[in-house]
Amino acid sequence: MIGDLLTILSAIFYSFYATFLKIKVPKEQEDSFKFTWFLGFVGLINDIVILPFFFIFDWIGIEKFQWPNNETLALLSVNALIGTVVSDYCWARSVVLLGPLITCLGITLTFPISLTIDLLSNGDTFTWQYYVGSLMIFSAFAGIVLIDYR
């Protein structure tokens, strides 16, 4: 139950974040808006707010902090560069150019895309509900995009 509540709370904050970004970047400033600065400041604020929790959780004993080895650190750095910096930049541009609704629906396409990749590469099987849900996600995305572009 706590996980479900935290997920809903996270979705609410995410929707505020995406909508706030769209509102604060007017159409006439879309081309000149410094997304790298914006995302840099978001990262800096997150570092300042989250960093103390590493030491607090280590001290209390909830989660022991251990510095990763060089190989893990290198993989985490590559993941941070590609999986966070590039994807967040594309996400922020998408929110400003297309709006938060289409961007969020586009992100949900990861579920049916992962289903397809698992089917083709791993031969995994899924329940019929998963296929129906994936079809609904594709339909919602296609419907909203068509309505938006008309």
Side-chain angles (χ1 to χ4, degrees), residues 1-54 57 62-63 65-66 68 71-150:
M1 185 67 158
I2 292 173
D4 291 339
L5 292 174
L6 289 174
T7 301
I8 291 170
L9 184 65
S10 174
I12 290 169
F13 281 122
Y14 178 80
S15 65
F16 285 141
Y17 177 57
T19 306
F20 181 76
L21 178 62
K22 179 63 178 173
I23 291 170
K24 288 297 180 183
V25 181
K27 281 218 178 277
E28 57 273 2
Q29 291 182 357
E30 286 176 357
D31 292 333
S32 63
F33 185 74
K34 304 283 188 203
F35 288 97
T36 53
W37 285 46
F38 170 75
L39 293 172
F41 280 117
V42 168
L44 180 64
I45 291 168
N46 281 333
D47 286 344
I48 291 169
V49 170
I50 293 172
L51 189 61
F53 286 102
F54 282 104
F57 288 166
I62 293 175
E63 183 73 35
F65 179 76
Q66 180 180 350
E71 181 185 355
T72 303
L73 189 60
L75 291 172
L76 286 171
S77 299
V78 170
N79 180 47
L81 180 63
I82 295 170
T84 303
V85 174
V86 174
S87 70
D88 281 355
Y89 180 81
C90 293
W91 170 84
R93 292 281 300 169
S94 176
V95 167
V96 170
L97 296 174
L98 300 172
L101 177 64
I102 293 175
T103 301
C104 291
L105 279 174
I107 290 172
T108 62
L109 289 175
T110 57
F111 295 108
I113 290 170
S114 68
L115 173 134
T116 305
I117 291 171
D118 279 343
L119 280 172
L120 297 176
S121 66
N122 300 331
D124 291 347
T125 57
F126 299 95
T127 63
W128 65 271
Q129 291 99 334
Y130 204 108
Y131 293 106
V132 170
S134 295
L135 182 62
M136 291 171 73
I137 290 171
F138 270 121
S139 301
F141 183 75
I144 294 296
V145 167
L146 287 174
I147 290 169
D148 190 54
Y149 285 115
R150 286 190 183 170

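Numbers here simply count residues along the sequence, with the first being 1.
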Spacing of CG belonging to L109 relative to OG belonging to S134, to within rounding of 0.5 Å
9.5 Å
Could you grab the distance from atom OG1 of T19 to atom OH of Y14, nearest 0.5 Å is fine?
10.0 Å
Quick one: CZ on F41 to CG on N46, what's the gap to the nearest 0.5 Å?
13.5 Å
Heavy-atom closest pair, residues L73 and P68:
CD1-CG, 4.0 Å
Under the 3.5 angstrom rule, does the side chain of S10 hit a backbone N or O of L6 as a donor-acceptor pair?
no
Taking ring-ring contact (aromatic ring centres under 6.0 Å, His included) as the definition, give me every residue that meets it alongside F53, ordered by chain and number, with sequence neighbours left out.
F57
Main-chain N/O of F111 paired with S114 side-chain donor or acceptor, under 3.5 Å
yes
Identify the two heavy atoms, one from W91 and one from A18, that lie closest to each other, and give their separation to 0.1 Å.
CZ2-CB, 3.8 Å
Over 12 non-hydrogen atoms of neighbours within 6.0 angstrom of CZ in F13:
no
Interatomic spacing from CD1 in I144 to SG in C104 - rounded to 0.5 Å
12.0 Å
Please check this pair: side chain of T103 against backbone of P100, looking for a donor-acceptor N/O pair closer than 3.5 Å.
no
Counting only heavy atoms not in F20, do more than 12 fall under 6.0 Å of its CZ?
no
For the CH2 atom of W37 and the CG atom of L44, what is their distance to the nearest 0.5 Å?
13.0 Å
Can you confirm whether F54 is buried at CZ, in the sense that more than 12 heavy atoms of other residues, nucleotides or ligands lie under 6.0 Å from that atom?
no
Once rounded to the nearest 0.5 Å, what's the spacing between atom OG1 of T7 and atom CD1 of I12?
11.0 Å
Are there more than 12 heavy atoms of other residues, nucleotides or ligands under 6.0 Å from atom CD of E71?
no
Just wondering, do L115 and L119 contact through their side chains at under 4.5 Å, heavy atoms?
yes
Considering all heavy atoms of both residues, which atom of V96 and which atom of L21 are nearest to each other, and what is their separation?
CG2-CG, 4.1 Å
